[in-house]
There are 2 protein chains.
Amino acid sequence: MTYDIGWDLYRSFLGVLREGSLSGAARRLGVAQPTIGRHIAALEEALGVALFTRSQSGLLPTDAASRLVHYAESMEAAAAALERVASSQGPGMRGTVRVTASDVIGVEVLPAIIAGLREQHPDLRVELALTNKIQDLLRREADIAVRMTRPRQVSLVARRVGTIELGLHATRRYLERQGTPRQTGDLARHALIGFDEGTAFVREAAKSFPDFQRDAFAISTDSDLAQLALIRAGAGIGICQVGLAKRDAALVRLFPDQFSLKMEIWVSMHEDLRNSPCCRITFDALAEGLRFHTDPP
Amino acid sequence: MTYDIGWDLYRSFLGVLREGSLSGAARRLGVAQPTIGRHIAALEEALGVALFTRSQSGLLPTDAASRLVHYAESMEAAAAALERVASSQGPGMRGTVRVTASDVIGVEVLPAIIAGLREQHPDLRVELALTNKIQDLLRREADIAVRMTRPRQVSLVARRVGTIELGLHATRRYLERQGTPRQTGDLARHALIGFDEGTAFVREAAKSFPDFQRDAFAISTDSDLAQLALIRAGAGIGICQVGLAKRDAALVRLFPDQFSLKMEIWVSMHEDLRNSPCCRITFDALAEGLRFHTDPP
DNA sequence: CGTAGGTCATGCAAAAATGTATGAATACTG
DNA sequence: CAGTATTCATACATTTTTGCATGACCTACG
């Protein structure tokens with residue numbers, strides 16, 4: 001039934017969706033622009049559906065095309081997973097493992113763990129996908145996920161490695177210049193660093209802290225990394241992980257009793273991957289490394 | 001990263017896995033045999049892994065290849081789902097819906113429901129995949145599943161439509177010839193129709209009925225349809241759905257009190273498909289039709 | 001308002017993939 | 001045990017696909 005449409009057409013389709021133009025997709029896929037154009041035409045012909053409205057400035061996906069994105073992405077994820085598994089065949093601990101985590105964890109915590117892991121296993125490749133969007137382990141968009149929430153899906157092996165505490169911080173230097181707030185109400189007179197839109201979790205959590213609200217923020221960004229960098233640069237007072245702040249002698253924690261937010265850290269992967277030595281050893285290394293970094297559960 | 005391996009290679013790879021030979025895959029995919037051979041060679045080259053051991057009688061997948069099957073199947077399922085969604089674009093109730101169910105349900109119950117549905121919506125195509133293996137709705141191997149167990153996966157919409165009772169049956173004619181067993185112990189002297197290997201569920205259920213055990217079966221098959229046909233043909237005494245037996249005046253139920261097994265019937269689909277008119281209307285038609293056919297939950 | 005940089009579409013040549021035909025080796029079968 | 005029907009591999013012709021070059025068009029910008 002599906003044997004008359006070449007799968008390469010779907011690859012080109014996805015490329016055009018990603019890049020928004022035939023030319024862009026051609027560059028990305030390493031082929032010529034007319035080739036992509038012909039692929040799209042062939043696919044539209046085969047499916048009997050218009051996928052894009054052509055224009056000189058690019059191609060705009062139709063509603064029909066938008067409804068098909070997900071499936072093309074599934075194919076891509078499966079192809080990528082297949083390649084990763086294939087790369088891990090052969091003797092020794094060789095192969096590629098794709099790990100997803102949040103920005104901050106990925107930048108501040110994981111590098112040391114991964115470095116240690118790769119020191120022991122030089123043939124192990126690690127792909128680090130940093131995003132706050134939860135990637136789908138079932139679709140194998142990633143092999144291993146480090147997340148702040150308990151995974152709900154079945155057929156995942158998940159381990160709770162510890163908890164991370166968030167707290168209000170600023171640099172010593174900032175506080176010397178601007179004065180140290182004595183009570184939470186004083187925060188209103190300070191440069192607060194906060195979120196812009198924020199995730200559902202963040203918005204919910206913020207409700208508990210009436211002095212740390214959106215309209216009070218002097219600087220707001222949804223990049224957790226930028227918030228951390230701003231705090232470190234002495235731009236003001238913001239929230240970051242207590243564990244990270246402790247490493248940095250220049251950072252001071254404020255109102256540790258009133259401002260405290262604890263999150264569980266989970267490492268999870270698809271249960272099928274238990275038999276994959278690479279994934280398993282990476283899983284264990286992440287769990288152990290994070291256990292060391294975090295507070296006990 | 002995955003942009004140097006054409007997806008068509010995976011399609012050929014899957015074809016060879018399915019058919020066990022280059023020639024077979026070529027026939028299935030509608031191309032020539034050397035083409036498939038070159039595809040496999042190219043894929044092995046690109047992945048750096050031997051996928052098959054060649055022989056004159058066909059190709060034997062290596063362990064490495066076996067570990068990759070799943071991902072190629074995922075791609076195939078995604079491609080098929082994409083095509084189905086594409087086919088449902090456009091005005092009116094048009095499109096293709098893939099329904100999976102067990103053999104017996106699919107042969108004895110669903111045809112009437114599907115016929116009625118298609119009478120109302122002639123442009124609706126239905127693919128009926130009959131298998132006792134639970135197809136993965138998340139991978140979109142099917143759009144809608146009719147199953148005897150409550151689906152455990154999240155992100156599925158599931159409706160319990162009723163219960164089905166299984167009981168011991170035989171034809172009136174058989175009983176006239178061989179005599180009607182008066183007590184369950186008499187069954188040992190009869191031609192019992194039962195399962196061969198059976199599923200985990202069946203083996204578990206069978207434990208409750210000491211007189212209906214594997215070593216007592218005169219005829220055994222794992223095809224539920226064959227069992228039903230054998231009962232109808234008067235070959236002996238076997239288990240079938242009470243609802244089906246009632247339709248057939250020639251069938252008599254035995255030991256309705258001692259032999260009774262009730263199963264819940266669930267209709268489920270991926271929650272994303274609620275927005276697909278075709279899937280939704282098929283889902284509703286199946287739920288309503290099955291509700292009519294089954295006993296209340 | 002003209003230039004620069006981007007887009008897609010088209011004609012033609014080159015390259016690549018495919019198909020056909022054939023050979024060699026194995027497995028089944030009467 | 002010979003004959004038939006498989007299989008995969010190879011050589012060569014053909015078709016298909018792709019790439020290149022170009023033109024037409026739109027947008028942005030000085």
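Predicted, not measured: the structure shown is a model, and the values here were computed from it.
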Could you tell me how far apart [X] ([atom1]) and [N] ([atom2]) are, to the nearest whole angstrom?
X: I36(A); N: dA9(C); atom1: CD1; atom2: P; result: 13 Å
X: Q33(B); N: dT22(C); atom1: CD; atom2: C1'; result: 11 Å
X: E19(B); N: dC8(D); atom1: CD; atom2: P; result: 11 Å
X: L9(A); N: dT17(D); atom1: CG; atom2: C1'; result: 12 Å
X: R38(A); N: dT16(D); atom1: CZ; atom2: P; result: 14 Å
X: R11(B); N: dA17(C); atom1: CZ; atom2: P; result: 15 Å
X: E45(B); N: dA17(C); atom1: CD; atom2: P; result: 13 Å
X: L59(A); N: dG6(C); atom1: CG; atom2: C1'; result: 14 Å

Can you check whether F52(A)'s main-chain N or O pairs, donor with acceptor, with E44(A)'s side chain at less than 3.5 Å? yes

SB check R118(B) D123(B) (cutoff 4.0 Å): no

Is any side-chain N or O of [X] closer than 4.0 Å to OP1 or OP2 of [N]?
X: H39(B); N: dA17(C); result: no
X: R54(A); N: dT7(C); result: no
X: S23(A); N: dC8(C); result: yes
X: T35(B); N: dA17(C); result: no

Do S74(B) and R139(A) have side-chain N/O donor and acceptor atoms under 3.5 Å apart? no

Within a 6.0 Å radius of atom CD on Q213(A), are there more than 12 heavy atoms belonging to other residues, nucleotides or ligands? yes

Could you give me the CA-CA distance, side-chain angles and deciding distance for R94(B) and S87(B), then say whether side chain to side chain contact (heavy atoms under 4.5 Å, CB included) is met? CA-CA 7 Å; R94(B) 76 172 54 246; S87(B) 76; over 6 Å; no

Selection from dT7(D), dA9(C), dT7(C) that lies nearest to any side-chain heavy atom of L22(A): dA9(C)

DNA chain D: 5'-proximal contact among R27(B) and P34(B) (nearest heavy atom): R27(B)

